[in-house]
Engineer: 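My questions will all concern the structure given below.
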Amino acid sequence: MRTLFTHPPRMPLIAPSILSADFARMGQECESVLRAGGDLLHLDVMDGHFVPNLTMGPDMCRSLRHALPDAFLDVHLMVTDPALHAPKFIEAGANHITFHVEAVPAEGKGGVADLAGRIREMGATAGLALNPETPVQAVQPHSAEVDLVLVMSVHPGSSGQAFMPEVLEKVRVLEDEMLPTQRLEMDGGIKPENARLAREAGCDVIVAASAVFGVPQSRRADVIAALRGNGA
Ligand code: DX5
Ligand code: ZN
């Protein structure tokens, strides 16, 4: 199993979201961002119900796994029924699955601990996401049940939205409580100009779609280095 925490041992990890890639040239786009220093590929899965937009399914994951056998595939499920979809993405080669706390019951069958356990049994790591309007108290009781917490810094649904700095306080709270082996991811509106805010609050996985794929391939290494806090 490829685990999130050893792949690779860089801080923070930069996760280009393929939502802003050119879908007609997806393989080449993904190769370009990995060559440019991207650590993970972030797959934004939207079901047209949990959020209005529809994006990609397990077949995209399978094709990327086939084309890029060593890539770490970080799947972000913005779907109403994550228990239904998570296994299909793991079978298709996902390394990590994040589901939303707003989409599952707090406890019992299909709840956070149950779903995270099923994801791990299938050989992937599990993450729990929360929307900007969801209080940090909704995930605090579950932080020990998952490998990663994803703090959304935009309302999920599309790339290219403005970063919401008010969510940084949630990261600071979680950072104090989480284990050193767990990761804190931030997603939405992150650019070279504001990535420092996420890093300094305690995030060690930074997602960026438009900031990375919105520039020509020749500039992506500089953008990824800047997101990580190195140069540029
Ligand atoms: C939010 C998605 C994000 C988003 C990021 O709907 O989960 O991953 O596409 O896009 P940017 O980086 O352009 O805000
Ligand atoms: Zn995402």
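What you see is a predicted model, and the numbers here were worked out from it, not measured in a lab. Every number for a ligand or one of its atoms is a count from 1 in the order of the listing.
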Engineer: Is the shortest distance from a Lys or Arg side-chain nitrogen in Arg219 or Asp222 to a carboxylate oxygen in the other one below 4.0 Å?
Structural biologist: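 No, no charged N to carboxylate O under 4.0 Å.
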Engineer: What is the name of the N/O/S atom in Asp44 that sits closest to the Zn ion (ligand 2)?
Structural biologist: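 Within Asp44, restricted to N, O or S, the Zn ion (ligand 2) is closest to atom OD1.
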Engineer: Hey, which N, O or S atom on His76 ends up closest to the Zn ion (ligand 2)?
Structural biologist: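 Among the N, O or S atoms of His76, the one closest to the Zn ion (ligand 2) is ND1.
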Engineer: Looking only at N, O or S atoms, which one in Asp187 sits nearest to the Zn ion (ligand 2)?
Structural biologist: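 Of the nitrogen, oxygen and sulfur atoms in Asp187, the Zn ion (ligand 2) lies nearest to OD2.
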Engineer: So which protein residues pack against ligand 1 under 4.0 Å, heavy atoms counted?
Structural biologist: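 The answer is Ser17, Leu19, His42, Asp44, Met46, His76, Met78, Met152, Pro156, Gly157, Ser158, Ser159, Gly160, Asp187, Gly188, Gly189, Val207, Ala208, Ala209, Ser210, counting any residue whose heavy atom sits under 4.0 Å from ligand 1.
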Engineer: Looking only at side chains, do His42 and Asp187 share a donor and an acceptor under 3.5 Å apart?
Structural biologist: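 Checked: His42/Asp187 side chains pair up, N/O donor to acceptor below 3.5 Å.
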Engineer: Shortest non-hydrogen contact from Pro192 to Leu227?
Structural biologist: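 That closest heavy-atom pairing would be N-CD2, 3.7 Å.
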Engineer: What side-chain donor-acceptor pairs closer than 3.5 Å can you find for residues 104-117, not counting sequence neighbours?
Structural biologist:
from	atom 1	to	atom 2	distance (Å)
Asp114	OD2	Gly110	N	2.6
Asp114	OD2	Arg118	NH2	2.9

Engineer: Take the angle between the ring planes of His76 and His100 and call it parallel below 30°, perpendicular above 60°, tilted in between.
Structural biologist: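 Aromatic pair His76/His100 classed parallel.
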Engineer: Are Asp204 and Arg199 within salt-bridge range, i.e. N to O under 4.0 Å?
Structural biologist: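 Arg199 and Asp204: not salt-bridged.
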Engineer: Could you verify whether a donor N or O on one side chain and an acceptor N or O on the other, from Asp44 and Thr55, lie under 3.5 Å apart?
Structural biologist: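 The answer is no; no qualifying pair exists.
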